[in-house]
Amino acid sequence: MPTAAFWKNPGRVLASPGVSVTSIAALALVAAGCGHHSAAATPPVTGKEWHAVVADWSMHGRFTQRHSCAAAVVARTRVVPAYHEGMPLVHALDVFERRICSAGDVWAVQKGMSDREVASLAGHPIPWRSGPNCWNYDASKVGTSIDALAFCFDRTGHVAAIRTRVHG
């Protein structure tokens, strides 16, 4: 706790008795945050974003504009069941998301993350096993029977549950 001398002359805090460089560094670290969490979470993909992906293909028969991986993944998961596997739009979205989404680290996804963060971290899910509520990924972990993960979203587009599938 700073003494009265600190408040009169804050520049001399390092010379004040009972205040160490370590305690100042710890205070600065706490004030700055731990560094691995962002100040504000990345928002989920908006309806406007994923509708723009579908509209782009619908107007041109191909994708002519830049779209984020997350918008493409959300579009793909939202068009089903109105469109089904094998239909031109669904196939185009499958190919498009494979082209623009990098494979990632499914093990880095945590509850509370937005669909945008999941797509950014984990890449595109298995299209025919994913829908608007849950995205499924092949995932194995050495020393376990886990062979898949599913990230299930709440109505706001944030991960509400992480499910594992085991083999054997």
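In this chain, numbering begins with 1 at the start of the sequence shown.
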Keeping Thr77 on the side-chain end and Val74 on the backbone end, is there a donor-acceptor pair under 3.5 Å? yes

Asp56 side chain vs Met59 backbone, donor-acceptor pair below 3.5 Å: no

Relative to each other, are the rings of Phe63 and Phe96 parallel, tilted or perpendicular (30° and 60° limits)? parallel

Would you find a donor on one side and an acceptor on the other, under 3.5 Å apart, between the side chain of Thr42 and the backbone of Glu117? no

Quick check for you: to the nearest 0.5 Å, what is the distance between Leu89 atom CG and Trp57 atom CH2? 5.0 Å

Ala160 backbone acceptor or donor facing Asp154 side chain under 3.5 Å: no

Can you find a heavy atom in the side chain of Asn136 that is under 4.5 Å from one in the side chain of Ser130? yes

Interatomic spacing from OG in Ser102 to CG in Leu121 - rounded to 0.5 Å: 11.5 Å

Shortest non-hydrogen contact between Ala52 and His67, atoms and distance: O-CE1, 3.6 Å

Pro44 side chain reached by Arg116 side chain, heavy atoms, under 4.5 Å: no

Can you name the closest pair of heavy atoms from Ser114 and Pro43 and give their distance? OG-O, 3.7 Å

To the nearest 0.5 Å, tell me how far Asp147 CG sits from His167 NE2. 6.0 Å

Contact check, side chains of Arg129 and Asp138, non-hydrogen atoms, under 4.5 Å: yes

Trp128: hydrophobic cluster co-members (side-chain, 4.5 Å): Ile126

Within a strict 4.5 Å, meaning less than it, do heavy atoms of the Phe153 and Val159 side chains meet? yes

Between atom NE2 of His158 and atom CZ of Arg155, what is the distance when rounded to the nearest 0.5 Å? 15.0 Å

Inspect the surroundings of CZ in Arg165 and state if more than 12 heavy atoms from other residues, nucleotides or ligands are less than 6.0 Å away. yes

Applying side chain to side chain contact (heavy atoms under 4.5 Å, CB included), run through Asp115 and Val73 and close with a yes or a no. CA-CA 9 Å; Asp115 52 11; Val73 170; over 6 Å; no

Restricting to non-hydrogen atoms, name the atom on Asp94 and the atom on Pro127 that form the minimum distance, rounded to 0.1 Å. OD1-CB, 3.3 Å

Any link between Val166 and Phe151 through a network of hydrophobic side chains (Ile, Leu, Val, Met, Phe, Trp, Tyr) touching at under 4.5 Å? yes

Is Arg76 salt-bridged to Glu85, going by a charged N under 4.0 Å from an acidic O? yes

Here the pair of heavy atoms bringing Thr144 nearest to Lys141 is OG1-O, 2.8 Å

Check for me, please, whether Trp107 and Trp135 land in the same ILVMFWY cluster - side-chain distances under 4.5 Å, paths through other members count. yes

Ile100 CD1 to Arg66 CZ distance, which is reported to the nearest 0.5 Å: 9.5 Å

